[in-house]
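Note sheet for the following structure.
We number each residue from 1, following the sequence as shown.
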Amino acid sequence: MKKFLLICCLLPILAHAAEAEPSVEDNILAMDTDRDGMVSVAEIKGYLQKKFGQHYQELLLEKMDFAAKAQSCDSSFTRPFRQ
C-alpha cells in the first residue's frame, strides 16, 4: 500500500518532468528556418521576436543585426598591409 501511495504522489512530478523545456538542439532547429544547417542573426532575431514579442531586446538585436551586416571587422587580419 505504501508503494502505491508513493507512486501516486510521484506521478504528477514525473508527468511534469516529461514536459521539460526544449533542449538547445531543439531551439537551434526551430531557429534554422531556411534549413541550411546554420542559424543567422536574422533567424535568431525572428525567432526571439516571434517567441517574446516584436519589441524584445530591440537594442541588442539591432546591434547584432548591424554587426552581421558590417563589411569588415576590426582585426589585424582585415587591415591592409600597406597604409
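- Qualifying side-chain contact (heavy atoms from CB on, under 4.5 Å) partners for Q54, counting only residues two or more places apart in sequence or in other chains: Q49.
- Note on residues 28-39: pairs passing side-chain hydrogen bond (donor to acceptor under 3.5 Å, both in side chains), not counting sequence neighbours, are T33-E43.
- The CE atom of M64 lies 10.5 Å from the CD atom of Q57; values are rounded to the nearest 0.5 Å.
- With sequence neighbours excluded, the residues satisfying ring pair (Phe, Tyr, Trp, His ring centres under 6.0 Å) with F52 are Y56.
- Residues forming a side-chain hydrogen bond (donor to acceptor under 3.5 Å, both in side chains) with E58 (at least two apart in sequence, or on another chain): H55.
- Linking Ile, Leu, Val, Met, Phe, Trp and Tyr residues whenever their side-chain heavy atoms come within less than 4.5 Å places V24 and I44 in a single cluster.
- At a threshold of 4.5 Å between non-hydrogen side-chain atoms, the residues V39 and Y47 do not count as touching.
- Using a 4.5 Å cut-off on side-chain heavy atoms (C-beta onward), D65 and K45 make contact.
- A donor-acceptor pair is defined here as one N or O able to donate and one able to accept, closer than 3.5 Å; such a pair exists between the side chain of D26 and the backbone of S23.
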